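For reference, the structure discussed in these notes is given below.
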2 protein chains.
Amino acid sequence: MSETKPVPDIVIGRLPIYLRALNYLLAEGQTITASKDLALRLGISSAQIRKDLSHFGEFGKQGMGYDIAHLRDQLRSILKADRVWNMALIGAGDLGHAIAHYAGWEGKGFRIICVFDNNPQKIGRNLGRFQICDIATLAERVRELEVEIAIVAVPAQAAQSVVDKLVEAGIGAILNYAPITVKVPAGVQVQYIDPVIHLQRMTYYL
Amino acid sequence: MSETKPVPDIVIGRLPIYLRALNYLLAEGQTITASKDLALRLGISSAQIRKDLSHFGEFGKQGMGYDIAHLRDQLRSILKADRVWNMALIGAGDLGHAIAHYAGWEGKGFRIICVFDNNPQKIGRNLGRFQICDIATLAERVRELEVEIAIVAVPAQAAQSVVDKLVEAGIGAILNYAPITVKVPAGVQVQYIDPVIHLQRMTYYL
DNA sequence: TAGATTGTTAATCGATTAACAATC
DNA sequence: TAGATTGTTAATCGATTAACAATC
């Protein structure tokens, strides 16, 4: 009888946007905000923001709004952004190179701790501060290093087989930069980053 | 009386995914596909694919499915992906560097043709094959070079003012890598790329 | 023809919004 | 207290799906 409906994916998808905005407001030195303020900043209705938050509890005070630091902490907790996540990077090409050097992770609780490739020319060489490992050693290293998230930066043709290996190795979340939709078993999370897709979503309107 | 409802944004958002899959099938040497095939590959219902396409015309044959090359051409035309778009890159930091060197654009009809920064230390220097220009010269260069799309790769604190300058200069589409939601007038397109947002959308489920 | 798949309609499902009592 | 804003309900809106006649 304790049928709790899961929070819709679309709501979860907005929480990181809220969290990002709250961090920004904090950095600006603000301490209080209202759903109307956030709504104006984010281009989302205030009712939607309140409704989204209400899935998780009551974080505001009537007449006052929200304590930014408090709401930030709550969202970090809900999203599990209050801990550090170990990530593996698969693919040591140009794209992998850029991702490995990207600074935006650290400080947000995400860190790349190992890099894999299947090219014998690359294995053993360095990519930034990492030694490139043979993808054949993926499963054991993922276990040893307690990797929970993988970033896929291999060519489209290789992506599905890499993803299969990752799933096999017990990875639960994959950030896929390869320009292809991949198949994963239910329960494994995949998110996509493909700039071309975003650009084509805009050119239609130009 | 010619009230034509615009095609929903969410439908436009899926078209590039379809196009990407069709290109992949073509590269694999296939010539025909059915909505059921695509559905299986993309994790989308076949009814939805057919409905999405029906907004733009009748591209299939009953009993047969779709000619891949033909449907690909149609989608390219709808999305205006059958021409070349000139892009300006704003921000010559680490992220801008990675974006400028990213190879995935060319061949898809997108090309960066100029790079801007506001740092006097950087202006005049080279970023890859580009000489970094003063952002103060943005408007005139955008006009001269017929730039229609901008990629924003500046720190969050600078993003809104850069976006304001871009809008002022007549840019109609912005791909924003800065981790902040920006305000633009109606009619200006913005798409966001922030890996942290994608990662946080997954950790909730882990 | 028989089999398959489209394009489209109507039904279902889910998400957004408007409105307001509760309350700080 | 008066004013403001939350959390939540009910109404609206829009998107997805199931089903099937049309037809290749």
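What you see below is based on every heavy atom in this structure, not just the backbone, and it leaves out hydrogens, waters and symmetry mates. Here is the naming used below: chain letters follow the sequence lines, and residue numbers restart at 1 for every chain. A quick note: this is a predicted structure, and the numbers were derived from the prediction, not measured.
Here chain B contacts DNA chain D (any atom closer than 4.0 Å to a heavy atom, that is under 4.0 Å), and the contacts span D:dA15 to D:dC24 from 5' to 3'.
Nearest heavy atoms, A:Asp134 versus A:Thr137: O-OG1, 2.6 Å. Between A:Leu138 and A:Ala169 the shortest heavy-atom distance is CD2-CB, 4.4 Å. Nearest heavy atoms, B:Ala98 versus A:Ala98: CB-CB, 3.5 Å. For B:Leu175 against B:Trp105, the heavy-atom pair with the smallest separation is CD2-CH2, 4.4 Å. Residue B:Pro8 comes nearest to B:His55 through the heavy atom pair CD-NE2, 4.0 Å, listed as atom of the first residue, atom of the second, then distance. Nearest heavy-atom pair, A:Leu89 versus A:Ala153, reported as atom, atom and distance to 0.1 Å: CD1-CB, 4.2 Å.
Here the side chain of A:Tyr192 pairs a donor or acceptor atom with the backbone of A:Val182 at under 3.5 angstrom. Using a distance-only test at 3.5 Å, with no hydrogens or angles considered, a donor-acceptor pair links the side chain of B:Thr203 to the main chain of A:Leu79.
In this structure, A:Tyr102 has no side chain to side chain donor-acceptor pair (under 3.5 Å) partners at least two apart in sequence or on a different chain. With sequence neighbours left out, B:Arg14 forms a salt bridge (charged side-chain N to carboxylate O under 4.0 Å, His left out) with B:Asp52. The side chain to side chain contact (heavy atoms under 4.5 Å, CB included) test applied to B:Lys122 returns B:Ala92, B:Asp117, B:Asn119, B:Ile132, not counting sequence neighbours.
Within residues 55-73 of chain B, the residues approached by DNA chain D to less than 4.0 Å at the level of any non-hydrogen atom are B:Lys61, B:Gln62, B:Gly63, in residue-number order. Within a heavy-atom distance below 4.0 Å of DNA chain D, the residues of residues 35-46 of chain B found are B:Ser45. Within residues 7-29 of chain A, no residue places a heavy atom under 4.0 Å from DNA chain D.
Listed by first and then second residue, the side-chain hydrogen bond (donor to acceptor under 3.5 Å, both in side chains) pairs involving residues 153-175 of chain B are B:Gln160-B:Asp164 (not counting sequence neighbours). Sorted by first then second residue, the side-chain hydrogen bond (donor to acceptor under 3.5 Å, both in side chains) pairs that include residues 79-91 of chain B, not counting sequence neighbours, are B:Arg83-B:Glu148, B:Asn86-B:Arg111. Applying the salt bridge (charged side-chain N to carboxylate O under 4.0 Å, His left out) test to pairs two or more places apart or on separate chains, those with a residue in residues 19-43 of chain A are A:Arg20-B:Asp194, A:Glu28-A:Arg41.
Two residues, B:Ala47 and A:Asp52, neighbour DNA chain C, and the one matched to the more 5' nucleotide by heavy-atom proximity is B:Ala47.
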Identify each donor-acceptor pair in which a side-chain atom of residues 70-78 of chain A lies under 3.5 Å from a protein atom, sequence neighbours left out, and give them as a table.
unit_1, atom_1, unit_2, atom_2, d
A:His70, NE2, A:Gln74, NE2, 3.2
A:Arg72, NH1, A:Asn23, OD1, 3.3

Report task. Could you provide the dot-bracket string of DNA chain D, using ( ) for intrastrand pairs, [ ] for crossing pairs and | for bases paired to another strand, with Watson-Crick or G-U pairs below 3.5 Å? Result -> ..||||||||||||||||||||||
